[in-house]
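Just so you know, residue 1 is the first one in the sequence shown, and it goes up from there. Side-chain atoms are counted along with the backbone in the values below, which use heavy atoms only and exclude waters and symmetry mates.
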Amino acid sequence: MLAAAGLALDPAGRTATRDGVPLDLTSREVAVLEYLLRHKGHVVSKTELLEHCWDVNFDGEPAVVEVLMHRLRRKIERPGRPPAIQTVRSEGYIIRDQA
């Protein structure tokens with residue numbers, strides 16, 4: 001089980017929760033969330049996410065990461081809670097180990 005910032009992910013079962021509430025995520029969203037949780041506390045670049053969460057033959061634009069992050073944030077964020085996934089301008093994304 002991977003956990004941080006109120007998020008919990010079971011990589012084997014491919015299931016995730018935020019504050020105990022189940023999340024309905026696509027397989028790609030689960031892959032990105034898993035990668036971020038495995039690297040919590042560290043900034044992960046778009047390039048790194050593309051290399052580890054997309055097919056090796058993917059030849060699209062890095063903006064696809066931004067689109068996915070927008071969808072993922074809409075699914076996991078909760079009113080009154082700090083954002084679980086933060087953007088570090090010009091660097092990438094980070095999940096800090098805080099609830």
Check against side chain to side chain contact (heavy atoms under 4.5 Å, CB included), L72 and Y93: CA-CA 12 Å; L72 183 57; Y93 304 95; over 6 Å; no
Main-chain N/O of E66 paired with H70 side-chain donor or acceptor, under 3.5 Å: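 No: the side chain of H70 does not pair with the backbone of E66.
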Flag, side chain of R96 to backbone of K40, donor-acceptor distance under 3.5 Å: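 Between the backbone of K40 and the side chain of R96 there is no qualifying donor-acceptor contact (under 3.5 Å).
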Considering non-hydrogen atoms only, spot the tightest contact between [X] and [Y] and give its length.
| X | Y | result |
| --- | --- | --- |
| A16 | L33 | CB-CD2, 4.1 Å |
| L37 | A3 | CD2-C, 4.1 Å |
| L50 | P62 | CD1-CA, 3.8 Å |
| P11 | L2 | CG-CD1, 3.8 Å |

Under the side-chain hydrogen bond (donor to acceptor under 3.5 Å, both in side chains) rule, collect the residues that match up with [X], sequence neighbours excluded.
| X | result |
| --- | --- |
| R71 | E29 |
| T87 | R73 |
| E51 | none |

Within the structure provided, determine whether [X] and [Y] are in side-chain contact (heavy-atom separation under 4.5 Å).
| X | Y | value |
| --- | --- | --- |
| T47 | V65 | no |
| T15 | L9 | no |
| D19 | R81 | yes |
| W54 | V32 | yes |

E77: salt bridge (charged side-chain N to carboxylate O under 4.0 Å, His left out) partners, not counting sequence neighbours: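 E77 satisfies salt bridge (charged side-chain N to carboxylate O under 4.0 Å, His left out) with R18 only.
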Step-by-step side chain to side chain contact (heavy atoms under 4.5 Å, CB included) determination, K75 to T26: CA-CA 11 Å; K75 292 180 179 183; T26 66; 4.2 Å; yes
[atom2] on [Y] to [atom1] on [X], rounded to 0.5 Å:
| X | Y | atom1 | atom2 | value |
| --- | --- | --- | --- | --- |
| Q86 | I95 | CD | CD1 | 9.5 Å |
| E48 | H42 | CD | NE2 | 10.5 Å |
| I85 | L36 | CD1 | CG | 5.5 Å |

Any pair counted as salt bridge (Lys or Arg N to Asp or Glu O under 4.0 Å), so long as it reaches residues 5-14, sequence neighbours left out: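 Sorted pair list: R14-E34.
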Atom CG of D55: over 12 foreign heavy atoms under 6.0 Å: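 For D55, atom CG is crowded (more than 12 foreign heavy atoms under 6.0 Å).
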Connected hydrophobic set around V43, excluding itself, where side chains approach under 4.5 Å: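 Under the 4.5 Å side-chain rule, V43 groups with V88, I94.
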